[in-house]
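Data first, discussion second: the structure below is written as structure tokens.
Below, each value reflects all heavy atoms present in this structure, side chains not excepted, and no hydrogens, waters or symmetry copies.
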Amino acid sequence: MRLGLALGYWGRGPSPDHVALAQEAERLGYDSVWTAESWGSDAFTPLTWIAAHTSRIRLGTAVAQMAARSPATTAMHALTLDHLSGGRVMLGLGLSGPQVVEGWYGRPFPASPLTATREYVDVLRQVLRREAPVELAGRFHSHPYRGPDATGLGKPLKPITHPLRADLPILLGAEGPKNVAQTTRIADGWLPLYWAPTRPEVYGPALAELPEGFLVAPMARARVCDDVAEGLLPVKAMLGFYIGGMGHAARNFHADLMARMGYEAEARRIQELFLSGRREEAVLAVPDAFADEISLVGPRERIAERLEVWRKGPVTDLLVLSPDPHTLRVLAELNS
């Protein structure tokens, strides 16, 4: 099981320690570093900055949002950075949800998310292979565009720039069982949002027979500390925000996932509190047990025991979300 460093997205402004953390992770032998985006900083620009200050560590987006860019534009970002970094890019993508897609990007959330994702990946593969001009008569992605407002002048094109790798890895952030099953068929890897190593059945039978070389790369907050309850507070804060605020009361993929993991009543209570403006109560309502099973928190010995459980499952890459160099170092030592 390889280790990756997950940096997430910026808050109010740039994080001054991200480059230093990436350099430390590279020195410690971490395999990869990952950036993200929500509705503020983008995923590719910080990753490019990190690429310029590192030499070996692989560079991933976890995740870049599909609604933010057409698939051809995303392919341009990926192939450009892949050249500049010497072939270190891994492209992690996510569909996001209706609130972000329609509220931030001003686009309709696809009526068939599985089809939209499949078409998006199809275009990416065509661009990266560069075997012929890109052509797709899709429901959501059409190349050339032939909609009712088209000029009719569009023609199939292939990239001017020759991609460095036709097999640049594409990973998908899928949550529902059908989406996970499709991911194992069309992508090179999967980025689980919440992964509990003792509950692989939550994602259905899709994980029973994974393709050879398929990446399973969940993100987990980690902190080496003496007080487990205190160490779980940042995990609970994150869960309170995602489960309570990253979606509508009637449609929240993160809350639905928590429910499938055995915490349905708690998930709905968190939503109720958060959406009524009682955010601190929503965070406190997150069960310690749930926060604990999807993270690595506590003294070194406790983390060592739990890390063994993570290694026994299908996880190939553990993406560590921690701003603490000491925690990064301890995990590197325990995983060596």
Atom pair [atom1] ([X]) and [atom2] ([Y]), whose distance is rounded to the nearest 0.5 Å:
X	Y	atom1	atom2	answer
S55	Q23	OG	CD	9.5 Å
L331	T327	CG	OG1	7.0 Å
H83	R165	NE2	CZ	10.5 Å
I303	E305	CD1	CD	11.0 Å
D31	L318	CG	CG	12.0 Å
L21	L7	CG	CG	6.5 Å

Mind listing the closest non-hydrogen atom pair of [X] and [Y] along with its distance?
X	Y	answer
A25	L5	CB-CD2, 3.9 Å
V101	P108	CG1-O, 3.8 Å
F274	G240	CD1-O, 3.5 Å
L321	G8	CD1-N, 4.5 Å
S96	Q65	OG-NE2, 3.9 Å
E37	A43	OE1-N, 2.9 Å

Got [X] and [Y] here, is their nearest side-chain heavy-atom distance under 4.5 Å?
X	Y	result
D288	K236	yes
L128	D167	no
L91	L168	yes
E280	L284	no
L164	L79	no
D317	V216	no
L232	V286	no
V134	P156	no

Side chain to side chain contact (heavy atoms under 4.5 Å, CB included) between R279 and L273, worked out: CA-CA 6 Å; R279 297 190 176 190; L273 290 168; over 6 Å; no
Surrounding [atom1] of [X] (heavy atoms of other residues, nucleotides or ligands, distance under 6.0 Å), is the total greater than 12?
X	atom1	answer
W310	CH2	yes
E102	CD	yes
M76	CE	no
K178	NZ	no

Partners meeting side chain to side chain contact (heavy atoms under 4.5 Å, CB included) with [X] (sequence neighbours left out):
X	value
R88	E26, A51, T54, I57, L59, S85
S32	W34, R58, M90, L319
R12	none
E24	R27, L28, R329

Please collect all side-chain hydrogen bond (donor to acceptor under 3.5 Å, both in side chains) contacts where either partner lies in residues 195-210, sequence neighbours excluded, each pair once.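 Output for this query lists R199-E293.
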Pairs involving residues 181-194, ordered by first then second residue, that meet side-chain hydrogen bond (donor to acceptor under 3.5 Å, both in side chains) (sequence neighbours left out):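 Listed once each, the pairs are R118-Q182, R125-D188.
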By side-chain hydrogen bond (donor to acceptor under 3.5 Å, both in side chains), which residues pair with [X], not counting sequence neighbours?
X	result
E175	H254
Q126	D122
R306	none

Among side-chain atoms of R2 and N335, is any donor-acceptor pair under 3.5 angstrom?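 No, N335 and R2 have no side-chain donor paired with an acceptor closer than 3.5 Å.
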Test item: side-chain donor near acceptor, T48 and T45, under 3.5 Å: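 Judged by distance alone, the side chains do not pair up.
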Just by distance, do the side chain of [X] and the backbone of [Y] share a donor-acceptor pair under 3.5 Å?
X	Y	result
D82	V89	yes
K158	A132	no
T117	P113	yes
T61	G92	yes
E264	M258	no
S295	V297	no
T316	M1	no

Evaluate the criterion side chain to side chain contact (heavy atoms under 4.5 Å, CB included) for residue pair Y9 and T35; output intermediate values, then yes/no. CA-CA 6 Å; Y9 44 78; T35 57; over 6 Å; no
Would you sort out whether E308 and R311 count as a salt bridge (charged side-chain N to carboxylate O under 4.0 Å, His left out), showing the intermediate values? CA-CA 5 Å; E308 286 301 319; R311 287 198 191 96; 2.4 Å; yes
Below 4.0 angstrom, N of the basic side chain to O of the carboxylate: do R268 and D256 qualify?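 Salt bridge present between R268 and D256.
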Provide the full list of ring pair (Phe, Tyr, Trp, His ring centres under 6.0 Å) pairs with a residue in residues 41-65, sequence neighbours left out, each pair given once.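 Qualifying pairs: F44-H77, W49-H53.
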Quick one: ring pair (Phe, Tyr, Trp, His ring centres under 6.0 Å) pairs with a partner in residues 139-166, sequence neighbours left out?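 Every pair satisfying ring pair (Phe, Tyr, Trp, His ring centres under 6.0 Å) with a residue in residues 139-166: Y120-H141.
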Let me check something: any side-chain donor-acceptor pairs from residues 218-227 under 3.5 Å, sequence neighbours excluded? List them with distances.
residue: D227; atom: OD1; partner: A229; partner atom: N; Å: 3.1
residue: D227; atom: OD1; partner: E230; partner atom: N; Å: 3.1

Trace of the side chain to side chain contact (heavy atoms under 4.5 Å, CB included) decision for R69 with L93: CA-CA 11 Å; R69 306 162 189 87; L93 302 167; over 6 Å; no
Could you check I186, V63, L95 and say which one makes a side chain to side chain contact (heavy atoms under 4.5 Å, CB included) with L172?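 Exactly one candidate clears the test, I186.
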Dump the intermediate steps for side chain to side chain contact (heavy atoms under 4.5 Å, CB included) on M261 and L257, then the final yes or no. CA-CA 6 Å; M261 296 179 78; L257 175 56; 4.2 Å; yes
